[in-house]
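It should be emphasised that the depicted structure is a prediction, and the values quoted were computed from it without experimental measurement. Just follow the structure's listing: the first ligand is 1, and inside any ligand the first atom is 1.
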Amino acid sequence: MAEACTYFFLSSLLFSLLETSNSLDTLPSNQSIRDGDTLVSAGGTFEMGFFSPGSSKSRYVGIWYAISSGTVVWVANRDTPLNDHSGVLTITDEGVLALLNSTNNVVWSTNISRTAENPVAQLLDTGNLVVKDGNVDDPERFLWQSFDYPCDTLLPKMKIGRDLVTGLDRIMSSWKSTEDPARGDFTVRLDPRGLPQRVLMKGNTIKARTGSWNGLRFTGYPGVTRNPVFDYEFVMNQNEVYFDFTLVNTSVFSRYTINPSGVAQRFVWMDRTRSWELYATSQPDACQTYAFCGAYATCDRDNSPACACLKGFLPKSPKDWKSIDWSDGCVRRTPLVCNIGDGFLKYTGLKLPDTSSSWFNATLSLDECEGLCLKNCSCTAYSNLDIRGKGSGCLLWLGKLIDTVVYSQGGQDLYIKVASSELGMTKRRPEKDCENEGLKEDMELPIIDLTAIANATNNFSSNNKLGEGGFGPVYKGTLPEGQVIAVKRLSTNSGQGPIEFINEVKLIAKLQHRNLVKLLGCCTEENEKILIYEYMPNKSLESFIFDETKSKLLDLRKRIDIIGGIAKGLLYLHEDSRLRVIHRDLKASNILLDMEMNPKISDFGLARSFQGDQIVSKTHRIVGTYGYMSPEYAVHGQYSVKSDVFSFGVLVLEILSGKKNRGFCHPDHHLNLLGHAWRLWIVDRAMELIDESVVDAHTRSEVLRLIQVGLLCVQQRPEDRPNMSYVVLMLGSEVLLPIPRQPGFYADLSVADSPSSNNATYSANGISISTFEAR
Ligand SMILES: *[C@@H]1O[C@H](CO)[C@@H](O)[C@H](O)[C@H]1NC(C)=O
Ligand SMILES: *[C@@H]1O[C@H](CO)[C@@H](O)[C@H](O)[C@H]1NC(C)=O
Ligand SMILES: *[C@@H]1O[C@H](CO)[C@@H](O)[C@H](O)[C@H]1NC(C)=O
Ligand SMILES: *[C@@H]1O[C@H](CO)[C@@H](O)[C@H](O)[C@H]1NC(C)=O
Ligand SMILES: *[C@@H]1O[C@H](CO)[C@@H](O)[C@H](O)[C@H]1NC(C)=O
Ligand SMILES: *[C@@H]1O[C@H](CO)[C@@H](O)[C@H](O)[C@H]1NC(C)=O
Ligand SMILES: *[C@@H]1O[C@H](CO)[C@@H](O)[C@H](O)[C@H]1NC(C)=O
Ligand SMILES: *[C@@H]1O[C@H](CO)[C@@H](O)[C@H](O)[C@H]1NC(C)=O
Ligand SMILES: *[C@@H]1O[C@H](CO)[C@@H](O)[C@H](O)[C@H]1NC(C)=O
Ligand SMILES: *[C@@H]1O[C@H](CO)[C@@H](O)[C@H](O)[C@H]1NC(C)=O
Ligand SMILES: *[C@@H]1O[C@H](CO)[C@@H](O)[C@H](O)[C@H]1NC(C)=O
C-alpha cells in the first residue's frame, strides 16, 4: 500500500506538470488519467476511460466502442468499483497499471512478471489495452494485455483458452447484471480435459457444450460454417490451445457476448441504423441443454419425445423415462465382453458426445482408430478427429457417451461400441469366424484367444468349475476388465462332442432373445472347442426349486414370472426365430437365471432346426433327459415342437410344486409328479400340489390356471398339446382353457404299476432304458 501511495504521489506530481491530452492512445509511464479523461485508439474505434453502467452510481474503468459509448467491452475494476469520481488510472515506471481512489489506495492493478525500460500503456485499435516496452509492438513481448483477462465480450482475435507455458486460462464471464459488471455466474471457456471443448458453465456446472473442433467448426455449431461476418479459429499446439474469431470484412464490427442470464449473443454493427443488430443467439432448446437425455442417448429436437436410447441400449429407469425424465439415460442391453469380440454401430449426423474423457491422435487413420478402440476395454466409441476432406485422425471416447445430439445437417459420424450380439443384421466385426469343418458358413461369431480364456479361468482350474454342460464342463471365468463369463469346454474324451458343439454354435449364434442365454464367442484353437457365454450369477433353476433352503427364495410371483419367461423363450425358438428350433433337452438344469432371476434357456447341443412344414422328425438316436421326454420321442424317436411343449409342461409342474418329476415319491402311490398332479386334478384337489401356505386368495386362481396349462402340455397325444403361442396366450390372458386329458408317462419307469383310470397308450411299462441315452 505504501508503494501505491508513492506511485500516486509521484504521478499526481507529474500529472500537474504534463497535462494529458484526451485524444491520445498512449499513457506514458509515471502518467495518469482521471475520471473524465479518455484514451482513444489510433483508428478511433475504441475508447477507454471511466464510466457508470446504466443508472448505477459506481465508477469503473473500461473500454467501449467509440461509435457506441454504452457498449462496454472490457472492465478493469469489475469487482472493485469506485464510489466517486476521484479515481486515477496510472502506470508506474515499472509497467504496473493501477487504479487509485481518493485516499490513494490501489483498488485495482495489473500483475506483471518482468519489468521494462520504458513502459507505456496503449489502447490498440483492436480494443486491446496493452502495456509494452517503448515501441516494442510484438504481441509476444507485451508485458500485459487486457485481452488476457476477458470479461463478457469476445472481440476479433481475442483468445479463449490456455497458454500451456504460463498456465494462463482465458475465460469469458458474464456480468452480474446489466448495471453490475462484477463476475457473474456464467462463463464460456475451453474445457481442457480430453479433446478440449468449448463449454458454457454456470458456476462449476456445464450448462451447454459447443463441443470440440473438427477442423471446420465446433461440433455443436453445425450451422456455423460459411457466413459473411466471421470465422472461428481453433489452435492447439504444445504452447497453447484456444479459439478466437476473425472478421470476414474487417470494416464490419462484430462482437460475441454472454449476458447476465447466460445467453450467448453475437451482434453486428449496422452503419445504416447506427445500432447493434443481433446476428445470432444461443437457442434455449432442450437438446442444447448439457446431457439433457443422460448417458448413451441421443437428443433430436425434431422427435417427440426428443430423447432416445442408442441402439443396443435401454432406459436405465424405464419409469422415469416414460414420465419424461430422461436424465438417468440408458444402459447397455448386453454388456461388453471387451477384447473377445465387440463391434461398432455407425451413426451419422451427430453432435459428438462430451470429449472430457477422450483420447486423440491426429496422425492415426480411422481403421487404426477402430483397432485401438476395440482393444481398449474403456473405449466406448471412436470417430475421425478432423473431418476435412475424407477425414483424418483418431478420437476415442473412454467413458460414458453423454450429450449426443442428432442434427438434420452438419452432424458427424460416430462409431459406438456394442456387444457383437447387438449388431444384428448390420456389419459385424471382427470378421474372423469360428472356423471349423462344420462351420464353413458365415457364423459371424467373435473368435477368442485361447490364452485369454485360460487366463480367465485360472487354466481351467477345478475351483472355477460351475458344472457339466451338454458336452463338457463349464467354468466361470473373469476377464482382466472384470467381466464374468461362463466357459463351456468340450471334453476331449467326448465321443459325440464335436457334432453337438458345432450344432450349438450354428444354432445359438443365430438366435437372440431375452429368454435365451447369449453366446459371446468361441474358440477352436489347438483342438480346443470352447464356447463363451454370458455368466448367469444365479445358476440354474434346478439349483433353486429342488433345494429346500434356496427354494424359499423363489416366491410364487417369481415362479409365475419364470414360467412366463421360459414360455416366451420357447415360443421364440419354435415360431419366431429365423431358424425355428426344437430344443429337445428342456429341463430345470438348462434354465439359467440372470441377476434379476429372469430365466434363460441354455444348452443347444441337442437342438434341431426345422422347416416350416416339417411337423415331425424321427431319429434312431434318442437322446434327452429322462423325466422330461415326451412318450412319442422316448418310445418311437419322434420329435416335434410338441416334444418341447411336453418338457415345458413338466417344468411348469416342477416349478409350482418344487418336486422333481423323476424320482417323485408319494406315500400313497407310485406315480411320478405328472401322475400325482393328474390324480389331484381329476378329484379337484390340484391346489394340494403346492405348499398352500404360499398361496393367497389372489394367486389361487392363477395357480390353478397354471397347473391346468401344465397338464395340457403334458397330455399324452402330441396333437392334443397346445402350441407355444397358445400357451403364451393362455398364460397371459383370461381365455377359457381346454380340459386336459390324461398325461403321458405318468408312472415312473421303475414302477410297473398300471394306472387304473384309463387308456395309457404309453405307459412306461416295457421300455428299456438301454434303448436310449438318458441323462
Ligand atoms: C518515473 O518516475 C521515477 C521516480 O521519480 C523516475 O525514476 C523515472 O525515471 C520516471 N520514469 C519516466 C519514464 O519518466
Ligand atoms: C479506497 O480504497 C480503500 C481500500 O479498498 C478503502 O478502504 C477506502 O475506503 C477507499 N476510499 C474511498 C474514499 O472510497
Ligand atoms: C496477480 O498475481 C497473483 C499471484 O500470482 C494472483 O493471486 C492474482 O490473482 C493476480 N491478479 C490479477 C489481477 O491477475
Ligand atoms: C466491407 O464492409 C464495408 C462496410 O460495410 C463495405 O463498404 C465494403 O464494401 C465491404 N467490403 C467487402 C469486400 O465486402
Ligand atoms: C500418434 O500416433 C503416431 C503413430 O502411432 C505416433 O507416432 C505419434 O507419436 C502419436 N502422437 C501422439 C501425440 O501420441
Ligand atoms: C485405453 O486408452 C487410454 C488412452 O490411451 C489409456 O489411458 C488407458 O490406459 C487404456 N486402457 C486400457 C485398459 O488399455
Ligand atoms: C491374465 O490375468 C491377469 C489377472 O487375472 C491379468 O492381470 C493379465 O492381464 C491377464 N493376461 C492376459 C494375457 O489376459
Ligand atoms: C497356466 O498354465 C501355463 C502352462 O502350463 C503356465 O505357464 C501358467 O502360469 C498357468 N497360469 C495360471 C494362472 O495358472
Ligand atoms: C441373484 O444374483 C444376484 C447377483 O449375484 C444376487 O444379488 C441375488 O441375490 C440373487 N438372487 C437370489 C434369489 O439368490
Ligand atoms: C397354435 O395353436 C392355435 C390354437 O390351436 C392355432 O390357432 C394356431 O394356428 C397355432 N399356431 C401355429 C403356429 O401352429
Ligand atoms: C384305448 O386306446 C385304444 C387305441 O388308441 C383304443 O382303441 C381304445 O378304444 C381305447 N380305450 C379306451 C377305454 O379309451
Side-chain angles (χ1 to χ4, degrees), residues 1-5 7-9 12 34-35 43-45 50 52 56-61 65 67 76-90 98-109 156 182 226-231 246-254 267-277 279 567-568 570-582 610-616 640-646 648-649 708-709 712-713 715 717-733 735-741:
M1 205 54 74
E3 253 179 320
C5 293
Y7 297 145
F8 178 66
F9 174 72
S12 47
R34 297 179 174 189
D35 197 331
T45 308
F50 291 78
S52 295
S56 165
K57 295 274 182 296
S58 299
R59 300 298 285 168
Y60 298 89
V61 169
Y65 280 93
I67 45 166
N77 57 324
R78 64 186 304 193
D79 295 311
T80 52
L82 295 162
N83 45 29
D84 58 24
H85 285 63
S86 61
V88 173
L89 181 70
T90 186
L99 178 62
L100 312 175
N101 68 10
S102 59
T103 49
N104 297 338
N105 293 101
V106 175
V107 298
W108 175 86
S109 74
R226 303 253 106 199
N227 72 76
V229 177
F230 71 99
D231 282 320
T246 58
L247 293 172
V248 174
N249 178 344
T250 49
S251 348
V252 172
F253 295 149
S254 173
F267 294 94
V268 172
W269 177 257
M270 302 305 275
D271 275 332
R272 227 173 330 115
T273 58
R274 301 204 54 74
S275 64
W276 292 101
E277 200 118 301
Y279 186 77
K568 285 185 193 126
L570 201 52
L571 170 62
Y572 167 81
L573 286 180
H574 287 177
E575 298 178 23
D576 295 338
S577 69
R578 273 203 281 165
L579 293 174
R580 311 195 67 191
V581 167
I582 302 172
F610 66 97
Q611 306 300 316
D613 54 353
Q614 187 184 346
I615 294 160
V616 178
S640 67
V641 288
K642 295 298 180 67
S643 5
D644 278 354
V645 171
F646 184 93
F648 173 78
Q708 192 169 348
V709 170
L712 284 168
C713 292
Q715 292 177 98
R717 288 153 47 92
E719 54 273 35
D720 288 343
R721 296 174 210 149
N723 59 30
M724 284 315 291
S725 52
Y726 199 53
V727 167
V728 169
L729 178 73
M730 290 189 290
L731 293 179
S733 71
V735 292
L736 200 62
L737 302 188
I739 303 299
R741 299 191 189 172

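Here the heavy atom of the protein found nearest to atom 11 (N) of ligand 4 is Asn249 ND2, 2.7 Å. The protein heavy atom nearest to atom 2 (O) of ligand 10 is Asn723 ND2, 2.3 Å.
With ligand atoms numbered from 1 in the order given, ligand 2 contributes 13 (C) to contacts under 4.0 Å with heavy atoms of Ser102. Shown in contact with Val252 at under 4.0 Å from a heavy atom are these atoms of ligand 4, numbered in order with element: 2 (O). Atoms of ligand 10 lying under 4.0 Å from any heavy atom of Ser725, numbered from 1 in the order shown and given with element: 1 (C), 11 (N).
Ligand 2 has a nitrogen or oxygen under 3.5 angstrom from a nitrogen or oxygen of Asn101.
The side chain of Asn83, and not its backbone, has at least one atom closer than 4.0 Å to an atom of ligand 2 (non-hydrogen atoms only; side chain from C-beta on). In Pro722, neither the side chain nor the backbone holds a heavy atom less than 4.0 Å from any atom of ligand 10.
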Residue pair His85, Phe50: steps toward the side chain to side chain contact (heavy atoms under 4.5 Å, CB included) verdict: CA-CA 8 Å; His85 285 63; Phe50 291 78; over 6 Å; no
Full working for side chain to side chain contact (heavy atoms under 4.5 Å, CB included) between Ile67 and Phe253: CA-CA 10 Å; Ile67 45 166; Phe253 295 149; 3.2 Å; yes
Stepwise side chain to side chain contact (heavy atoms under 4.5 Å, CB included) check, Val252 with Phe230: CA-CA 10 Å; Val252 172; Phe230 71 99; over 6 Å; no
Residues Arg274, Trp269; criterion side chain to side chain contact (heavy atoms under 4.5 Å, CB included); working and verdict: CA-CA 7 Å; Arg274 301 204 54 74; Trp269 177 257; 4.0 Å; yes
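Less than 4.0 angstrom separates atom 9 (O) of ligand 4 from none of the non-hydrogen atoms of the protein.
Side-chain polar atoms of Asn723 and His574 form no donor-acceptor pair below 3.5 angstrom.
For the pair Gln708 and Pro738, the tightest heavy-atom approach, listed with the atom from each and the gap, is NE2-O, 2.9 Å.
Relative ring orientation between Phe267 and Trp276 is described as perpendicular, the plane-to-plane angle rising above 60° on a 0-90° scale split at 30° and 60°.
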